[in-house]
Asks: 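After the structure tokens below, expect a handful of questions from me.
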Amino acid sequence: MRRVSKICLITIIVNISFFVNAQTSVLLQQGKNEFELYNRILSSGNINAKAFESALKAAKCYHRAIGDYSSNMPEYIECKRALRELFPIMSDGAYYFADLGQQDKVLDYACMYIDISLLQAFASAGFQKSQTYPILANLAATNIYNRGDYQRAINYFKAYIMAVGMENSELAIEGLSRCFYELKDYDGAAAYASQGITYFPSNWNMLLIGIESYGHNGNDNKMEPLLARALTLNPGHKGLLEYQGKMFERQKNFESAAKTFEQLYSLNSMSLDYALHLGFDLYNAATIATHKSKKPSVSVSESHELAAKARTYFTKAAPILRNVLDNSPYAVNVAKALAMCYAMTNDSERLQKANESLAALHVSVIGKNEIPLLDISYKPTVDITPVNQSAVEEVRPLSDVDINIPATNYKNNKTFVVAIGNEKYKYHKGRDVPYAHNDATVFAEYCNKVLGVPNDNIRKCFDATLSEIREQVNYLKKRTEIMPNELSIIFYYAGHGIPDIPNNIAYLLPADASGTDFESCYSLEKLYEQFDDMPTSKITVFIDACFSGATREGGALMAERAVEYEVDDVVAKGNTVVFSAASGKQTANGYDEQNHGFFTYFLLKALQESKGNITLKELGETIRTNVMAKCLDKKNKEQTPQIIPSPALGDSWQRFKLF
């Protein structure tokens, strides 16, 4: 069996060889025919396009065929002789079609001209010495590169460099390194870029290619001098500074990293990313200095010097981390690093407050004698681990709108906010409003950070009783009377609404109301009448509640009211625009994955993405579209938010903004 197999294998090889040789013979014959046609036209004294086209076809045939013959075969010698003769004709053809303005054909002849010169058969022929050679090599290289054929373009760039030398090839070396970079051959790209920079040290593009390539390869040692040179040419280049800062971080050279990100932070103090890197680099530099100061091998004087350095860095890190935490209040790693800064600088008062925040996040607090540890996450982490699961309320995962709340430069001193979150009800055990506390809390944060409302102008109220709701509304009334027609009001409510069916009235349900005695509830009509009487510039109301008698969980608020009802919409007057979570008999549903009501989540999302720079019309349309789609996808329920402006405003409300 083995012998039969070998015979079969030999037969297959012979047949393939015969087929290849047959194909090559056909190519060789075609080349002869085309070359003879060229010579006949040439001998007639009327050189034309057809003649050059035949010469190009002949060159292509011979170029393909020569590789199938060994150098001692007659066919090889014939191919070599023909190609030597055809080589200058390719140059003539390129110029001929250049005069006719046929650029594609010019490229065909230029490429074949270079292709012939690159054959091993002509390695010592000196074709590159022709004055035409670098012109056509450059033409072939740049055009083929622009067509995205980078592998082929490499050969033409190399041909050009071979002809004129490295010292005269700035653009060709740059093009060559670009080809390797586009092919993701970062070793090749870095090698040629670095070589080119030795001849052309101010070539910005080669510097960038080298930096990017070494970055992909993780070769910081070779990247560092290129970065230094590039930053000498352009000291304020943000991209390069980011590269440098992150390179220093990888090297655990946190002092140098801090200097770099300090420069970036000075260029853009609103960047949370820069603040995170700067804060943690300062913290990490302090941590390393602290650990070094405690080594037995360190002298007393050195230990004191290192401890002083650590204290300086911890002191500088604290306000930066505080700023980050203001924007991402649930970032556990930032909160712990900040507390450690206070502990290491003996700031007992601030440490106590920082530890209170950590306790609220259900993570372990920082003791005065704890040793700091490096933190190289450089992003807010919100992984909350309860200290004692049995002793604390269940920790809910954070929504993407609860972190990275954008901080803007708006100064909204003439806006006052009341945010009410009624989640737990005295007379409706088991029928809480999930996430209402979180809704009101985060909405208030957005008013402060995104809309620029000072904290002193914001009042939050949780599980508000009837008297507490009245107190908040009365406060707004008194405040507006102090500065008539100058203040804006934002009123937010998340909780239960309830219908009085016989009288067709919608009520907010206070936390201490039963829902059977409407005297203890707060009617929307009365609320809006009170707003109408306030001398304000504008009032915006957000109601994440429904008035159908249903709950966010999908059940009935009152056991005897298993049917959902519909009451007429209440229309405010004066300067009031109302955003309501649902229409008619619909339920204001909870978005479980995000720990918010659907309405509130997409309200916050719109403010997060727009940074508050959004008109009320755009805000309403965004909320409506997203709530309708996502609630249907997630709950298979219809929920259609409404915008109900005062008729007195006409269309002008559509251009209003919240700041």
Asks: Calculate, to the nearest 0.5 Å, the distance between atoms SG and NZ belonging to Cys341 and Lys316 respectively.
Replies: 12.5 Å

Asks: Inspect the contact between Lys292 and Glu302 and indicate whether a charged nitrogen and a carboxylate oxygen are less than 4.0 angstrom apart.
Replies: no

Asks: How far apart are the C-alpha atoms of Glu170 and Asn203, what are their side-chain angles, what is the distance that settles it, and do they pass the side-chain contact (heavy atoms from CB on, under 4.5 Å) test?
Replies: CA-CA 8 Å; Glu170 181 173 4; Asn203 185 296; 2.9 Å; yes

Asks: What's the separation between atom CG in Leu176 and atom OH in Tyr160, rounded to the nearest 0.5 Å?
Replies: 13.0 Å

Asks: Which pair of heavy atoms, one from Leu338 and one from Arg322, lies closest together, and at what distance?
Replies: CD2-NH1, 3.9 Å

Asks: Any idea which heavy atoms bring Leu240 and Ala230 closest together, and the distance?
Replies: CD1-CB, 3.6 Å

Asks: Would you compute the distance between atom OH of Tyr38 and atom CG of Asn48 and round it to the nearest 0.5 angstrom?
Replies: 10.5 Å

Asks: Can you tell if the side chain of Ile114 reaches within under 4.5 Å of the side chain of Met90, non-hydrogen atoms only?
Replies: no

Asks: Extract all donor-acceptor atom pairs below 3.5 Å that involve side chains of residues 136-145 and protein atoms in other chains or at least two apart in sequence.
Replies:
{"residue": "Thr142", "atom": "OG1", "partner": "Asn138", "partner atom": "O", "Å": "2.8"}
{"residue": "Thr142", "atom": "OG1", "partner": "Leu139", "partner atom": "O", "Å": "3.3"}
{"residue": "Asn143", "atom": "ND2", "partner": "Leu139", "partner atom": "O", "Å": "2.8"}

Asks: Could you give the distance from CG (Leu373) to OG1 (Thr287), rounded to the nearest 0.5 Å?
Replies: 7.5 Å

Asks: Got a salt bridge between Lys60 and Glu34, using NZ or NE/NH1/NH2 to carboxylate O under 4.0 Å?
Replies: no

Asks: Between Arg147 and Asp104, is there a salt bridge with N-O shorter than 4.0 Å?
Replies: yes

Asks: Supply the atom-to-atom distance Glu182 CD to Cys179 SG, rounded to the nearest 0.5 angstrom.
Replies: 8.0 Å

Asks: Consider only side-chain N and O atoms of Ser70 and Asn72, and report whether a donor and an acceptor are under 3.5 Å apart.
Replies: yes

Asks: Please verify the inter-ring angle class for His277 with Tyr378; under 30° counts as parallel, over 60° as perpendicular, anything in between as tilted.
Replies: parallel

Asks: Taking atom types as modelled and ignoring hydrogens, do the side chains of Glu224 and Tyr214 form a donor-acceptor contact shorter than 3.5 angstrom?
Replies: no

Asks: Does the ring centre of Phe87 sit less than 6.0 Å away from the ring centre of Tyr113?
Replies: yes

Asks: Answer yes or no: are there more than 12 heavy-atom neighbours, outside Gln131 itself, under 6.0 Å from its atom CD?
Replies: no

Asks: Heavy-atom distance under 4.5 Å between the side chains of Arg84 and Phe122, does that happen here?
Replies: yes

Asks: For Val334 and Leu321, which heavy atoms make the closest approach, and how far apart are they?
Replies: CG1-O, 3.5 Å

Asks: With the side chain counted from C-beta on, respond yes when Phe261 and Lys246 share a heavy-atom pair under 4.5 Å apart, and no when they do not.
Replies: yes

Asks: Testing the 3.5 Å rule here: is there a donor-acceptor pair between the side chains of Ser377 and Asp375?
Replies: yes

Asks: Between the main-chain N or O of Gln195 and the side-chain N or O of Thr198, is there a donor-acceptor pair closer than 3.5 Å?
Replies: yes

Asks: Less than 4.5 Å apart, any side-chain heavy atom of Val450 and any of Tyr410?
Replies: no

Asks: Is there a side-chain contact (heavy atoms from CB on, under 4.5 Å) between Tyr243 and Asp220? Walk through the geometry before answering.
Replies: CA-CA 10 Å; Tyr243 256 110; Asp220 288 343; over 6 Å; no

Asks: Please give me the minimum heavy-atom distance between Lys105 and Tyr109, naming the atom from each residue.
Replies: O-CD1, 2.9 Å

Asks: So with a 6.0 Å cut-off around CZ of Arg64, is the heavy-atom count from everything else above 12?
Replies: no

Asks: Establish, from distance only, whether the side-chain atoms of Asp115 and Tyr156 form a donor-acceptor pair under 3.5 Å.
Replies: yes

Asks: Which heavy-atom pair separates Ala121 from Tyr76 by the least distance, and what is that distance?
Replies: CB-OH, 3.2 Å

Asks: Using a 3.5 Å distance criterion without hydrogens, assess whether the side chain of Asp402 forms a donor-acceptor pair with backbone atoms of Ser399.
Replies: yes

Asks: Do the side chains of Arg81 and Glu85 get close enough for a salt bridge, i.e. N-O under 4.0 angstrom?
Replies: yes

Asks: Can you check whether Asp187 reaches Phe180 side chain to side chain, under 4.5 Å on heavy atoms?
Replies: no

Asks: Treating Gln263 as the side-chain partner and Pro235 as the backbone partner, does any N or O pair qualify as donor plus acceptor under 3.5 Å?
Replies: yes

Asks: Show your working on ring-ring contact (aromatic ring centres under 6.0 Å, His included) between Tyr181 and Tyr186 and close with a plain yes or no.
Replies: CA-CA 6 Å; Tyr181 188 86; Tyr186 301 120; 5.3 Å; yes

Asks: Quick test of your reading of the model: are Lys309 and Glu305 salt-bridged, counting only N-O distances below 4.0 Å?
Replies: no

Asks: Is the shortest side-chain heavy-atom distance between Glu255 and Phe248 below 4.5 Å?
Replies: no

Asks: Measure from the side-chain N and O atoms of Glu78 to the backbone N and O of Lys32, and report whether any donor-acceptor pair falls under 3.5 Å.
Replies: no

Asks: Test side-chain contact (heavy atoms from CB on, under 4.5 Å) on Leu374 and Tyr283; report intermediate values, then the result.
Replies: CA-CA 8 Å; Leu374 292 178; Tyr283 169 85; over 6 Å; no

Asks: Backbone N or O of Ala49 within a donor-acceptor pair of the Tyr96 side chain at under 3.5 Å?
Replies: yes

Asks: Within a radius of less than 6.0 Å around NZ of Lys617, do more than 12 heavy atoms belonging to other residues, nucleotides or ligands occur?
Replies: no

Asks: Under 4.0 Å between a Lys/Arg side-chain N and an Asp/Glu carboxylate O for Lys259 and Asp281?
Replies: no

Asks: Dump the intermediate steps for side-chain contact (heavy atoms from CB on, under 4.5 Å) on Lys238 and Leu264, then the final yes or no.
Replies: CA-CA 7 Å; Lys238 289 184 180 180; Leu264 283 165; 4.1 Å; yes

Asks: Just wondering, do Leu27 and Asp68 contact through their side chains at under 4.5 Å, heavy atoms?
Replies: no

Asks: If you count the non-hydrogen atoms of other residues, nucleotides and ligands that lie under 6.0 Å from NZ in Lys222, is the total more than 12?
Replies: no

Asks: How long is the straight-line distance from OG of Ser177 back to CG of Asn205, given to the nearest 0.5 Å?
Replies: 8.5 Å

Asks: Just by distance, do the side chain of His63 and the backbone of Leu83 share a donor-acceptor pair under 3.5 Å?
Replies: no

Asks: Within the side chain of Ser213, is there an N or O that forms a donor-acceptor pair under 3.5 Å with the backbone of Gly210?
Replies: no

Asks: May I ask you to check whether Asn253 and Ser256 show a side-chain donor-acceptor distance below 3.5 Å?
Replies: yes

Asks: So, the side chain of Ser271 versus the backbone of Tyr274: is there a donor-acceptor pair under 3.5 Å, distance only?
Replies: yes

Asks: Where is the tightest heavy-atom contact between Leu278 and Tyr265, given as atom of each residue plus distance?
Replies: CD2-CD2, 3.7 Å

Asks: Taking the side chain as every heavy atom from C-beta outward, state whether Ile173 and Phe200 have any atom pair closer than 4.5 Å.
Replies: yes

